Amino acid sequence: MPDTQPQPATSRRRERSAVRQSSARSTDRAAEREERRAQQSWVEGAAPELPGRTTRPAEVVFHLGPTNSGKTFESLQALAATGSGVYAAPLRQLAHEAYAKLAAQLPEGTVGLSTGEEEIDPNAAIICCTVEKAPMRGEMLVLDESHWVADPDRGHHWARLLLTGEYRQMHLISAAEAYLLLKPLVADAERITVVNHKRLSRLDVLKAPVRPETVRPQTLVVAFSRKAVYAAAAELDQHRPGKVGVLYGALPPATRREVIERFTSGELEVLVTTDVIGHGINVPATTVLFAETTKFDGTEMRPLRSWETAQIAGRAGRYGLTGHGAVGVLLGVTGLRPDQRLLAVGAAVARGDQMSDLPKRAPRLRPELEDLGAFEAVDLPEALTRWMAWARAATRDEAMTADDVTSLVLRVHALLPLLRGPLGAVGDLDTVWRLVNLPIDYNPPRRTRWLVLAKAALQHAAGLPVQPETVLPDVPRGGGVEEFEQAAAAARDAQALLRQFPGVAGLSSEDAAWVEEECAETITELLPDAIALGRSGKCVECGNAIAPWFTTCRPCSAPPGRRGGERPSRPAAGGRRVAGRAAGRAFGGRQGGPRGRTRRG
């Protein structure tokens, strides 16, 4: 007789698991076949072309020269005299500055502002904006900091505007070294004029280092990480209580503007800042002191280049705001060791006495959707890859090159699995393209944030519920400056999404702007205490002086058995090394240093 005994539960579970795995593999194979068929239907006859314009400029005026040489002033005067056009800059702060200057001298309603985060009279005759928001045609274009065309991350916006912008007249403001990069992009102009500017005020190099107790009012102190900024500010605050401010990229734009206004009015006497100050921001500073002269550029820790030093040093002695300027080094902040030799070269570049080492990167092209010849979202990875190969060949003999679109391909691949389910009906080509181009950081750990917001937009379009807190976290109920900075950054990401996809989770970009504003106001209130308490230059265990991005010194972070000549022994669980890591996380640092020390965040 056949065996009729029931199978053990374990065997049945294995069989069901095998069936499910086989079904999943079949589904994946079917999806792959569908994707291949869709890509095969993508026609190769899309024939991309290099971008161009139908109407060439009547005149392009190059304003070349060092910092503080009147380049932007003369260009804005020309824009005011014309009465119609665009001022475009890399930073919101610069757009605000230009808007304030022009609005003060022209009739009300003549000047508007467009930065993505803020819109004031966007249909005015003159618009001050960030480069990404610049219209592609108009009477006059004033493009500030034009050497950003060589920037590896955002340079393609400058290249597209210069190659295809249809303006009767262009004024390009730049360091002289970028002229050879910029000229080929506007070579079709009927007339090209070069105006060479000279620095309007003297810039001296201080012979002796400066100590925190001798820092004078109207001084900018420069450091290159958030922790280093707070460490230097705390050291200086001991000698000028309540008179020291901080400025760095993670601060919300509203907070940055208020800090700059307080320094400009004299309420703050010293401003500790990162290199964000070097991008054309004008403040009444007589002295620039470097607390450190090395920076992490996203790849490596390296010394400053001469053009970077010059951009920052040139903030000293602004014509019309102060007298002559001076640049030097600040000693006395534990762990920060500036190199005075770098300053002499940087100051010479800032004065215009010698050329800088501005990288000779070719301007980069990035495709628009119409350049790709794609029919469906699933075509985009193949279309982008083919476009990049074509563009590299097409620009081989040109003064430009193809941008690396790998990040766009990665974003598309991250979205495609979502489109195989119920969200596929709303994941059309245009929607996916707008999602992958959202101006939200895709570098870890922010990558997850972009994917969460993209999924929320697709769910909303499909009529599925989306919780508001998924898109826009609420204002924190407590915490320090860093918690509110993170909430403000999340609100800016939500603004970027809601400007493109209004109504997601029942929210608008105004809702996100309100959260950011609330965070900015709280940060402004918390900054004085954060500065006073920000000194992290002592070991949390023994009290010895250490660099601000460490929490324990090298001896205290070593295994207990190796301290003071003791025999090595295995550290107990939860011992000093573990506690040191926990303390590091509490201070916002990250691991990676020798022997478990918490390094710069």
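These values consider heavy atoms only, across backbone and side chains, with no hydrogens, waters or symmetry-generated copies. If you're wondering where the values come from, they're calculated on a predicted model, not measured in any experiment.
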Q. Going through the checks in order, is the side chain to side chain donor-acceptor pair (under 3.5 Å) test met by T82 and Q169?
A. CA-CA 10 Å; T82 300; Q169 192 175 32; 4.6 Å; no
Q | Working for side chain to side chain contact (heavy atoms under 4.5 Å, CB included), residues Y179 and L172 | A | CA-CA 10 Å; Y179 176 66; L172 308 184; over 6 Å; no
(Q) Between V222 and T274, does the side chain to side chain contact (heavy atoms under 4.5 Å, CB included) criterion hold? Intermediate values first, please. (A) CA-CA 6 Å; V222 184; T274 61; over 6 Å; no
Non-hydrogen atoms of [X] and [Y] that approach each other most closely:
X: A310; Y: G346; value: CB-O, 3.3 Å
X: A402; Y: T395; value: N-OG1, 3.9 Å
X: T255; Y: I523; value: CG2-CG2, 4.0 Å
X: P135; Y: L161; value: O-CD1, 3.8 Å
X: A291; Y: L336; value: O-CB, 3.2 Å
X: V111; Y: C128; value: CG1-SG, 4.1 Å

Q.
If we check side chain to side chain donor-acceptor pair (under 3.5 Å) with T193, which of these qualifies: E59, H63, H171?
A.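 Running side chain to side chain donor-acceptor pair (under 3.5 Å) over E59, H63, H171 with T193 returns exactly one hit, E59.
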Once you round to the nearest 0.5 Å, how far does [atom1] of [X] lie from [atom2] of [Y]?
X: Q486; Y: E482; atom1: CD; atom2: CD; result: 5.0 Å
X: H156; Y: T401; atom1: NE2; atom2: OG1; result: 13.5 Å
X: L185; Y: E398; atom1: CG; atom2: CD; result: 10.0 Å
X: I312; Y: L220; atom1: CD1; atom2: CG; result: 10.0 Å
X: W450; Y: L415; atom1: CH2; atom2: CG; result: 4.0 Å
X: W158; Y: L181; atom1: CH2; atom2: CG; result: 14.0 Å

Whether [Y] and [X] form a salt bridge (side-chain N of Lys/Arg under 4.0 Å from carboxylate O of Asp/Glu) is what I want to check.
X: R257; Y: E97; result: no
X: D204; Y: R202; result: yes
X: R226; Y: E485; result: yes

Q.
Can you list everything that forms a salt bridge (charged side-chain N to carboxylate O under 4.0 Å, His left out) with D353? Sequence neighbours excluded, please.
A.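 So D353 forms a salt bridge (charged side-chain N to carboxylate O under 4.0 Å, His left out) with R351.
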Q | salt bridge (charged side-chain N to carboxylate O under 4.0 Å, His left out) involving D188 - partner list, sequence neighbours excluded | A |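 Scan of D188 (salt bridge (charged side-chain N to carboxylate O under 4.0 Å, His left out), adjacent residues dropped) gives R53.
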In the structure I gave you, are the side-chain heavy atoms of [X] and [Y] within less than 4.5 Å of one another anywhere?
X: R168; Y: P57; answer: no
X: L247; Y: V276; answer: yes
X: L102; Y: Q105; answer: yes
X: K198; Y: P66; answer: no
X: Q311; Y: V349; answer: no
X: L180; Y: K183; answer: no
X: L372; Y: L384; answer: yes
X: L206; Y: V327; answer: no

Are [X] and [Y] close enough that a side-chain donor and a side-chain acceptor fall under 3.5 Å?
X: Q495; Y: S509; answer: no
X: R315; Y: T67; answer: no
X: D144; Y: T72; answer: yes
X: S356; Y: E177; answer: yes

Can you check whether [Y]'s main-chain N or O pairs, donor with acceptor, with [X]'s side chain at less than 3.5 Å?
X: D441; Y: N443; result: yes
X: D357; Y: W307; result: yes
X: T164; Y: R160; result: yes
X: N68; Y: G317; result: yes
X: T286; Y: Q218; result: yes
X: E74; Y: K71; result: no
X: D379; Y: E376; result: yes
X: R256; Y: L251; result: yes
X: D428; Y: T431; result: yes
X: T309; Y: R305; result: yes

Q | F73 atom CZ: more than 12 heavy-atom contacts under 6.0 Å | A |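 For F73, atom CZ is not crowded (no more than 12 foreign heavy atoms under 6.0 Å).
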Q.
How about CZ on R341, more than 12 heavy atoms from neighbouring residues, nucleotides or ligands closer than 6.0 Å, or not?
A.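 Counting other residues, nucleotides and ligands, CZ of R341 stays at 12 neighbours or fewer.
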Q | Qualifying side-chain hydrogen bond (donor to acceptor under 3.5 Å, both in side chains) pairs, either residue in residues 124-138, two or more places apart | A |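 Matches after skipping sequence neighbours: E132-R154.
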(Q) F224 vs Y248, test: ring pair (Phe, Tyr, Trp, His ring centres under 6.0 Å). Steps then yes/no. (A) CA-CA 9 Å; F224 295 98; Y248 50 91; over 10 Å; no
Q) Given P253, which of E258, R492, Q93 fulfils the side-chain contact (heavy atoms from CB on, under 4.5 Å) condition? A)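 Running side-chain contact (heavy atoms from CB on, under 4.5 Å) over E258, R492, Q93 with P253 returns exactly one hit, R492.
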(Q) Before you tell me yes or no, could you show the steps for R366 and L408 under side chain to side chain contact (heavy atoms under 4.5 Å, CB included), namely the whole-Å CA-CA distance, both residues' side-chain angles and the distance that decides it to 0.1 Å? (A) CA-CA 10 Å; R366 178 168 285 201; L408 296 180; 4.2 Å; yes
Q: I would like to know whether V149 and R364 meet side chain to side chain contact (heavy atoms under 4.5 Å, CB included); could you show each step before the answer?
A: CA-CA 8 Å; V149 73; R364 295 172 179 268; over 6 Å; no
